[in-house]
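Throughout, protein chains are lettered first and strands after them, A, B, ... in sequence-line order, and every chain is numbered starting at 1.
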Amino acid sequence: MPNDNKQKPILIVNQSAPYGNANAKESLDLALASSAFEQALSILFTGDGIYQLLPKQSPDDIQSKNLLQMLKALPIYGVEQLYVDQQSLTERGITELDTQLPIVLVNSVEISRLYHDAQTVFRF
Amino acid sequence: MILHTLNKSPSNEALSEQLSQVIQADDQVILLEDGVYHSLLENNDTSHWLGIAAHVHALNDDLKARGLTSNNSAIKTIDYADFVRLSSECDKVIAWY
Amino acid sequence: MTQQPERDAQGFIVDLNTWTPTLAIEIASEEGIALTDDHWEVITLLRNFYMEFSISPAMRILVKIVKEALGEDKGNSIYLLTLFPQSPAKLASKISGLPKPTNCL
Amino acid sequence: MIFSVLVLGAPYSSGASYSAYRFAQAALDADHNESHNKNHSANHNECHTIHRIFFYQDGIHSSSQLATPPQDEFNLYQAWQDLQSTYDLDLVTCIAAAVRRGVIDSGEAKRHNKLQHNMSTNFSLSGLGQLVEANALSDRVITFGR
C-alpha cells in the first residue's frame with residue numbers, strides 16, 4: 001500500500017571508478033538531489049567504486065571536475081557516513097583513503113543489511 | 001523477499017559476486033537480456049546466488065531470441081506479465097547490470 | 001567600461017576564470033541590484049564553497065551555508081530573497097561568477 | 001500497485017530501453033485485463049499504474065526525435081511515443097543528463113542559443129527531483145540498467 005508519509009530510505013551503490021565514465025558524477029548528482037528533498041540516504045562504495053575515495057586526485061589535465069572534492073560536500077548535504085566495502089579495499093591492495101571523508105568500513109553482513117533496509121537501491 | 005533482476009551473462013563475475021553477497025534464501029531472481037545465459041549453468045554452490053535463490057526465472061522472449069530453451073528444470077520460464085506480477089509480490093526490486 | 005567577458009544566454013559567465021569583483025557589480029546592476037556589504041558576505045561564502053567543493057549550491061544548501069557562517073538572522077530564505085530577489089541561489093551564483101546551480105525542480 | 005520505471009541505457013547500445021518498454025506495456029495491460037486475471041491470483045487485485053518513467057544517464061537518448069531506425073527494424077523511439085499518447089504516461093528525461101548529451105527541447109534550445117532542438121514532445125525535460133519524487137510516491141521503482 002502506498003504511504004506518502006513514510007520515509008523510504010534510498011541506498012545508492014557506487015561500484016564504478018571515477019573519470020572513465022559518467023557513473024560516479026551522475027550518482028553524486030542523484031545523491032545531492034535526494035538530499036534536497038530530505039530523503040533518508042545511505043551511500044555504499046564497493047568494487048571499483050572505492051577508487052573514487054583515493055586521495056590526491058587532480059583531474060585538471062583530463063579536463064574533468066574533481067569528484068573527490070565534490071564527495072567531500074556530502075556531509076553538508078546531510079549524508080553523514082559513507083559506507084566502504086572492506087573486502088573491496090583488501091582485494092585491490094588499497095590501504096589509504098582520503099582522510100577528510102567520513103568513512104565507515106563495512107563487512108559483507110553489514111552490506112547485506114544496507115540492501116535489505118533500503119526501500120529502493122540505485123546502482124551506478 | 002527481494003526480487004533481483006540480472007541482465008548480464010556469467011562472464012561478468014564481479015556482478016554475480018555482488019549479487020551473491022546480497023541475496024537471501026527467500027529471494028527470487030529474474031534473468032533478462034544476456035542474463036538468460038545463466039540458465040545454461042547448474043550451480044548448487046551455496047555461496048553462489050544460483051544456489052541460494054528460492055526461485056530463478058528467465059524471460060521467455062530473451063531465451064528464445066538467443067536460441068536457448070528452458071531445459072534447466074531449476075529455472076522457470078516467464079513472460080513480462082509475470083515480471084510485473086513478481087515485482088508487485090516482492091518487497092522491492094533490485095536491478096543488477 | 002572595458003570589454004566584458006563572454007556570457008551565456010542567461011547571463012552566466014562562460015569562463016569562470018574571467019570573474020572579477022568589478023564584473024560582479026556590473027552583472028548585479030543589470031539585475032537592478034546595487035551590491036552592499038551584505039551582498040558581498042554571501043558572494044564570498046558562495047565562492048569559497050565552490051573553491052572547496054566544486055559545487056554551485058541550490059537554495060537549501062545556500063541557506064545552510066549562510067546560517068552556519070553568519071547565523072540564524074541571515075541564514076534564512078527571506079533574508080536571501082531580499083538580497084537576491086526571486087531566485088536567490090540562481091541570481092547569487094550568477095553574480096558570484098559560478099555555474100548555474102543544477103536544476104532540481 | 002504504483003510503479004515507476006528508471007531507464008539508464010540508450011536504445012541499440014543496450015537492452016535497457018526496450019526491456020523497460022515491454023515492462024511498462026505489460027504493467028498497463030495487466031491493468032486493462034484486470035477481470036481476465038481474476039482467478040489466476042485471487043489475493044491480488046492486479047490494478048497497476050505507472051506513476052512516471054524516468055530516463056537518466058544514456059537512457060535519455062530514448063527521447064530523441066531524430067533517431068530513424070531502418071524500416072525493417074523495430075522503432076523503439078516511435079513505440080515510446082505511442083505508448084505515451086495511448087496511456088498519457090509521464091515520460092521524464094533528466095535535464096542535466098540530456099542537455100550534456102545533446103538532447104534538448106525548444107525551451108532549452110532558446111535558453112542555450114541553439115538553432116535546433118530534437119526532443120520528442122511526448123517527453124518532458126525535468127530535474128532529478130522528479131526521480132526522487134517518483135520514488136517517494138511509488139510502491140516500486142523498477143530499474144533497467146545498461
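- Between D:Ala26 and B:Ala81, the shortest heavy-atom contact is CB-N, 3.9 Å.
- Here the OG-CD1 distance, from B:Ser88 to D:Ile142, works out to 9.0 Å after rounding to the nearest 0.5 Å.
- No more than 12 heavy atoms of other residues, nucleotides or ligands shown are found within 6.0 angstrom of CD on B:Glu42.
- In plain terms, the two heavy atoms of B:Tyr80 and D:Phe23 that are nearest each other are CD2-N, 3.7 Å.
- Across D:Thr143 and B:Tyr97, no two heavy atoms sit closer than the pair CG2-CE2, 4.0 Å.
- If you measure heavy-atom distances from B:Asp34 to chain D, you find no contacts under 4.5 Å at all.
- In terms of heavy atoms, B:Val84 sits closest to D:Ala27 at CG2-N, 3.6 Å.
- With hydrogens and angles disregarded, a donor-acceptor distance shorter than 3.5 Å links the side chain of B:Asn7 to the backbone of D:Gly145.
- Applying the 6.0 Å contact sphere to CD of D:Glu73 captures more than 12 heavy atoms from other residues, nucleotides or ligands.
- Proximity to chain B is limited to the side chain of D:Leu8, based on heavy atoms less than 4.5 angstrom apart.
- Put simply, the side chain of B:Lys8 gets close to the backbone of D:Arg146: a donor and an acceptor are under 3.5 Å apart.
- For the residue pair B:Glu33 and D:Ala16, the shortest heavy atom distance occurs at OE2-N, 3.7 Å.
- Going from atom CG of D:Asp139 over to atom CG of B:Asp91 covers 11.5 Å, rounded to the nearest 0.5 Å.
- Between the D:Arg140 side chain and the B:Ser87 main chain, a donor and an acceptor come within less than 3.5 Å of each other.
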Go through the steps for B:Asp61 and D:Arg22 under the test side-chain contact (heavy atoms from CB on, under 4.5 Å), then give the verdict.
CA-CA 11 Å; B:Asp61 291 354; D:Arg22 290 290 301 274; 2.6 Å; yes
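- Heavy atoms of other residues, nucleotides or ligands lying less than 6.0 angstrom from NE2 of B:His48 number more than 12.
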